[in-house]
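To start, the structure under review is shown below, and the notes come after it.
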Amino acid sequence: QVQIVESGGGSAQPGGSLRLSCAVFGVPSTTTVLMSWHRQPPGKERELVASISSDSDGTRYADFVKGRFTMSRDNAKNTVYLEMNTLQAEDTAVYYCNAQFSRIGVRIGEVWGQGTQVTVSS
């Protein structure tokens, strides 16, 4: 059975850093996994932060995090990380990990992490 677990949220002061982790377990072989980070600030809609695939065109970032956040991937472990630097109050949100599974270009499933709270304040 496929499982997804994310962690690493917490509190930071403006200008500080946090690292989020997301691991997917039980992924069948020959499966391509597109993983992404989303966030939902208080009172706002969920938005895409960054995404990365094992066989696509690299990492993609939302404009509001470019130069500050870095997404990386360990394909052997089906784990992704989000290194968040120079945090701002506007980064306060619940962060969600998402994994989409594909075989030969056909999507076969999707899972969401439980969410982790990131709070940036002085």
Side-chain angles (χ1 to χ4, degrees):
Q1 294 181 350
V2 175
Q3 295 178 270
I4 183 168
V5 180
E6 60 178 287
S7 61
S11 299
Q13 296 184 356
S17 299
L18 289 171
R19 190 178 84 153
L20 307 182
S21 299
C22 178
V24 182
F25 304 92
V27 180
S29 61
T30 71
T31 300
T32 298
V33 185
L34 172 66
M35 300 187 70
S36 59
W37 289 99
H38 303 245
R39 71 185 188 185
Q40 186 167 8
K44 299 178 65 176
E45 297 293 324
R46 186 173 60 189
E47 59 190 357
L48 176 66
V49 175
S51 64
I52 192 169
S53 176
S54 60
D55 64 351
S56 295
D57 296 334
T59 308
R60 305 178 73 173
Y61 298 95
D63 287 340
F64 53 81
V65 303
K66 286 181 179 178
R68 300 188 300 118
F69 291 9
T70 301
M71 185 175 183
S72 59
R73 181 169 190 158
D74 183 344
N75 286 334
K77 298 173 63 177
N78 282 317
T79 301
V80 295
Y81 308 92
L82 185 67
E83 183 71 37
M84 304 183 293
N85 299 312
T86 319
L87 285 164
Q88 304 169 8
E90 292 77 15
D91 297 317
T92 295
V94 177
Y95 285 71
Y96 297 92
C97 181
N98 174 268
Q100 296 179 349
F101 311 105
S102 301
R103 288 178 182 155
I104 58 174
V106 179
R107 185 176 299 174
I108 60 173
E110 178 182 57
V111 295
W112 285 93
Q114 78 280 5
T116 184
Q117 177 71 47
V118 171
T119 302
V120 184
S121 66
S122 59

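Starting from 1, each residue takes its place in the sequence as its number.
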- Rounded to the nearest 0.5 Å, how far does NE2 of His38 lie from CD of Glu45? 13.5 Å
- Note on the structure: Rounding to 0.5 Å, atoms CD1 (Ile4) and CG (Asn98) come to a distance of 7.0 Å
- Query: Considering only heavy atoms from C-beta outward, does the side chain of Gln88 approach that of Val120 to under 4.5 Å?
  - Reply: no
- Task: Quick one: sort the Tyr95 and Phe69 rings into parallel, tilted or perpendicular, breaks at 30° and 60°.
- Result: tilted
- Query: Should Phe25 and Val111 be regarded as members of a common hydrophobic cluster, given that ILVMFWY residues are connected when their side-chain heavy atoms come within less than 4.5 Å of each other, either directly or indirectly?
  - Reply: no
- Should Cys97 and Met35 count as side-chain neighbours, where that means a heavy-atom distance under 4.5 Å? yes
- Rounding to 0.5 Å, atoms OG1 (Thr59) and CD1 (Ile52) come to a distance of 3.0 Å
- Looking at side-chain heavy atoms only, is the closest gap between Asp63 and Lys66 below 4.5 Å? yes
- Message: Side-chain heavy atoms nearer than 4.5 Å, only ILVMFWY residues, links allowed to pass through others: does that put Leu34 and Leu48 together?
- Response: no
- Item | Ser122 side chain vs Gln13 backbone, donor-acceptor pair below 3.5 Å | no
- Can you measure from CZ (Arg68) to OG1 (Thr86) and round to the nearest 0.5 angstrom? 7.0 Å
- Task: Using the side chain to side chain contact (heavy atoms under 4.5 Å, CB included) rule, take Leu20 and Glu6 through it: C-alpha gap first, then chi angles, then the decisive distance, then the call.
- Result: CA-CA 7 Å; Leu20 307 182; Glu6 60 178 287; 5.6 Å; no
- Message: Do Thr70 and Tyr81 make a side-chain contact, defined as non-hydrogen atoms from C-beta onward lying under 4.5 Å apart?
- Response: no
- Message: Rounded at 0.5 Å granularity, tell me how far OG in Ser36 sits from CE in Met71.
- Response: 6.5 Å
- Note on the structure: Between Val80 and Trp37, the two heavy atoms sitting closest are CG2-NE1, 3.8 Å
- Less than 4.5 Å apart, any side-chain heavy atom of Ser102 and any of Arg107? yes
- Pro41 to Glu47 - nearest heavy-atom pair and separation: CG-OE2, 3.9 Å
- Flag the pair Val118 / Met84 as yes when at least one side-chain heavy-atom distance between them is below 4.5 Å, and no otherwise. yes
- Distance (rounded to the nearest 0.5 Å) between Tyr61 OH and Leu82 CG: 8.0 Å
- Is Arg73 close to Asn78 at the side-chain level, that is, under 4.5 Å between some pair of heavy atoms? yes
- Query: If only atom types and distance count, is the side chain of Gln114 paired as donor or acceptor with the main-chain N or O of Val5 below 3.5 Å?
  - Reply: no
- Provide the closest heavy-atom pair for Ala93 versus Gln117 in the form atom of the first, atom of the second, distance. O-NE2, 3.5 Å
- Query: What pair of heavy atoms forms the shortest contact from Val24 to Ala99, and how long is it?
  - Reply: CG2-CB, 4.0 Å
- Message: Determine whether Ser7 and Thr116 satisfy the following criterion, side chain to side chain contact (heavy atoms under 4.5 Å, CB included), listing intermediate values before the conclusion.
- Response: CA-CA 6 Å; Ser7 61; Thr116 184; over 6 Å; no
- Message: For a quick test of reading the model, state the closest non-hydrogen atom pair linking Gly10 to Leu18 and the distance between them.
- Response: O-CD1, 3.8 Å
- Query: How close do Val65 and Val49 get, heavy atom to heavy atom, and via which atoms?
  - Reply: CG2-O, 3.7 Å
